[in-house]
> 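Handing you a structure now.
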Amino acid sequence: MSSQSVLTVKRLTKIFKPDITAVDNVSFSVNQGELVAILGPSGAGKSTLLRCLNRLIPRTAGEIRIHGADITRCRGRALLKLRSDVGMVFQQFNLVPRLTVFENVLAGRLSLCSNRLWSIASVFRIFKEAEKQKAFEALTQVGISHLAAKRADSLSGGQQQRVAIARTLAQEPRVVLADEPVASLDPASSHRVMGILKKICESKTIPVLINLHQVDLAQQYADRIIGIQDGSLVFDGPVDQFTPDIAKTIYGAEFESAVCSAGTSSPPNTAEKETFAA
Ligand SMILES: Nc1ncnc2c1ncn2[C@@H]1O[C@H](COP(=O)(O)OP(=O)(O)OP(=O)(O)O)[C@@H](O)[C@H]1O
Ligand SMILES: [Mg+2]
């Protein structure tokens, strides 16, 4: 694995008015091809941290750099570019239900077009061949190109999350952030989605930063764990150094549910794995 740093966060702080410190002086960096799981109890600040990283919300203080460039002050076109550089995957997929799978993935190209061009293209459903090709490649990478013509709302939760990942890949991000991407999925689908995110990291050397509630999934798939408690970074190290004692300290009363989670099933069998194409 290359040790080139893609994302660097220094002394990041987010205070919600009047005085909720959701992220407190957090510093870390993420390297190319690294899968980093962010763990911590409910309300620890995991989602707020990811939202600051892609500028969905403004940070109060601190630095965020992608490939060395400070992203905290960018505006206008630079902010649009940032949004395409930082792919985001959500727990609830955020697909457009009445559109096809393919159209949803094409939406991933939105951030790469001007808004006006995109509106014209989407209204008349005209897209350049190259755009379609990128969208199809992304669907192939997550193993669901055969579902391209289906309406998004006709798919299972696991399939919808794969569409959402394909949409993110179609925007050709430099880093992917995922906020509890498997929280709404059954154990087998959770493993499939985690496996796809892992392959994206490995084959495209894009770092992936994932908020998770399941310690066991983090241990199976991540290279590194960041532990957050009350907004502060309290652990940052390789998975094998994340001991049960450290987990107990971070989770407190939530320890049992975090360790005995939906992710405790085995990874999918070989036949299911054939659907991974990334
Ligand atoms: N928009 C907001 N306004 C005010 N306070 C907020 C806002 N969003 C989050 N908070 C607070 O910030 C803290 C961190 O919340 P956050 O959602 O980041 O936690 P989390 O670790 O993602 O929790 P969970 O695991 O339940 O998703 C909490 O105290 C929460 O109440
Ligand atoms: Mg959250």
Side-chain angles (χ1 to χ4, degrees), residues 1 6-7 30-40 46-47 49-50 53 86-95 105 138-144 147 155-170 173 175-228 235 237-242 247 251 257-278:
M1 189 192 305
V6 176
L7 172 70
V30 181
N31 296 332
Q32 259 187 358
E34 211 177 14
L35 194 151
V36 179
I38 303 176
L39 298 178
K46 305 179 297 296
S47 297
L49 173 61
L50 289 197
L53 296 184
V86 183
M88 190 88 189
V89 177
F90 299 92
Q91 177 181 346
Q92 293 304 335
F93 327 132
N94 291 6
L95 302 179
V105 177
L139 274 176
T140 305
Q141 280 168 6
V142 301
I144 51 169
L147 300 176
L155 305 188
S156 70
Q159 288 169 333
Q160 288 194 45
Q161 192 57 291
R162 287 153 82 185
V163 177
I165 294 170
R167 180 185 55 192
T168 299
L169 287 179
V175 53
V176 171
L177 310 177
D179 194 358
E180 299 197 28
V182 300
S184 307
L185 305 182
D186 61 83
S189 300
S190 298
H191 280 290
R192 205 170 293 127
V193 164
M194 289 300 296
I196 287 169
L197 290 170
K198 179 84 179 163
K199 289 221 170 188
I200 289 169
C201 268
E202 288 172 352
S203 63
K204 293 183 167 291
T205 67
I206 301 173
V208 178
L209 205 54
I210 310 184
N211 281 350
L212 281 176
H213 266 293
Q214 301 96 325
V215 172
D216 56 339
L217 281 181
Q219 286 171 325
Q220 280 179 64
Y221 292 94
D223 301 302
R224 204 172 117 206
I225 290 175
I226 286 176
I228 304 278
F235 177 85
V239 166
D240 56 9
Q241 287 176 17
F242 191 79
Y251 282 100
S257 62
V259 173
C260 308
S261 67
T264 48
S265 76
S266 304
N269 63 30
T270 316
E272 287 171 313
K273 274 185 177 167
E274 281 171 12
T275 58
F276 295 162

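These figures come from a predicted structure and were not determined experimentally.
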> May I ask you to say whether K198 pairs ionically with D223, meaning some side-chain N is under 4.0 Å from a carboxylate O?
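Counted as a salt bridge, because a side-chain N and a carboxylate O are separated by less than 4.0 Å.
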> For F242 and V215: C-alpha separation, side-chain torsions, deciding distance, then whether side-chain contact (heavy atoms from CB on, under 4.5 Å) applies.
CA-CA 9 Å; F242 191 79; V215 172; 4.0 Å; yes
> So how far is it from I38 CD1 to L177 CG, rounded to the nearest 0.5 Å?
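One finds 8.0 Å between CD1 of I38 and CG of L177.
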> Kindly give the heavy-atom pair with the smallest separation between A138 and V105, and that separation in Å.
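It is CB-CG1, 4.2 Å.
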> Between S190 and L217, which heavy-atom pair has the shortest distance, and what is it?
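That closest heavy-atom pairing would be CB-CD1, 4.3 Å.
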> Which pair of heavy atoms, one from V193 and one from G158, lies closest together, and at what distance?
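Closest pair (atom of V193, atom of G158, distance): CG2-O, 4.2 Å.
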> What is the distance from atom SG of C201 to atom CG of L209, rounded to the nearest 0.5 Å?
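Here the rounded value is 9.5 Å.
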> Applying side chain to side chain donor-acceptor pair (under 3.5 Å) between E180 and each of K46, H213, Q92, report the one that passes.
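Testing E180 for a side chain to side chain donor-acceptor pair (under 3.5 Å) against K46, H213, Q92 leaves exactly one candidate, H213.
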> Dump the intermediate steps for side-chain contact (heavy atoms from CB on, under 4.5 Å) on M194 and V182, then the final yes or no.
CA-CA 8 Å; M194 289 300 296; V182 300; 4.2 Å; yes
> If you measure from CE on M88 to CG on L53, what distance do you get to the nearest 0.5 Å?
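It comes to 8.5 Å.
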> Mind running side-chain contact (heavy atoms from CB on, under 4.5 Å) on V163 and F93 for me, showing each step along the way?
CA-CA 8 Å; V163 177; F93 327 132; over 6 Å; no
> How many angstroms lie between CD1 in I206 and CD1 in I200, if you round to the nearest 0.5 Å?
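Atom-to-atom, I206:CD1 and I200:CD1 are 7.0 Å apart.
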> Can you tell me how the ring of H191 sits relative to the ring of Y221, calling it parallel under 30°, perpendicular over 60° and tilted otherwise?
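If you compare the ring of H191 with that of Y221, the planes turn out tilted.
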> How far apart are the C-alpha atoms of L95 and R167, what are their side-chain angles, what is the distance that settles it, and do they pass the side-chain contact (heavy atoms from CB on, under 4.5 Å) test?
CA-CA 9 Å; L95 302 179; R167 180 185 55 192; 3.7 Å; yes
> Taking all non-hydrogen atoms of both residues, which atom of L155 and which atom of Q160 are closest, and how far apart?
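Minimum heavy-atom contact is O-NE2, 3.1 Å.
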> If you compare all heavy atoms of I144 against all heavy atoms of Q159, which two are closest, and at what distance to 0.1 Å?
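Reported closest heavy-atom pair: CD1-O, 3.9 Å.
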> Going from CD1 on I225 to CD1 on I210, what distance comes out if it is rounded to the nearest 0.5 angstrom?
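So the CD1 of I225 and the CD1 of I210 are separated by 11.0 Å.
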> If you take all heavy atoms of P173 and G87, which pair is closest and at what distance?
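Scanning both residues, the minimum pair turns out to be CB-N, 3.6 Å.
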> Counting N and O atoms only, with roles assigned by atom type, does the side chain of E34 sit under 3.5 Å from a partner on the main chain of T205, one being a donor and the other an acceptor?
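Side chain of E34 to backbone of T205: no pair is present.
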> Between atom CD1 of I196 and atom CZ of R162, what is the distance when rounded to the nearest 0.5 Å?
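Going from the CD1 atom of I196 to the CZ atom of R162 covers 4.5 Å.
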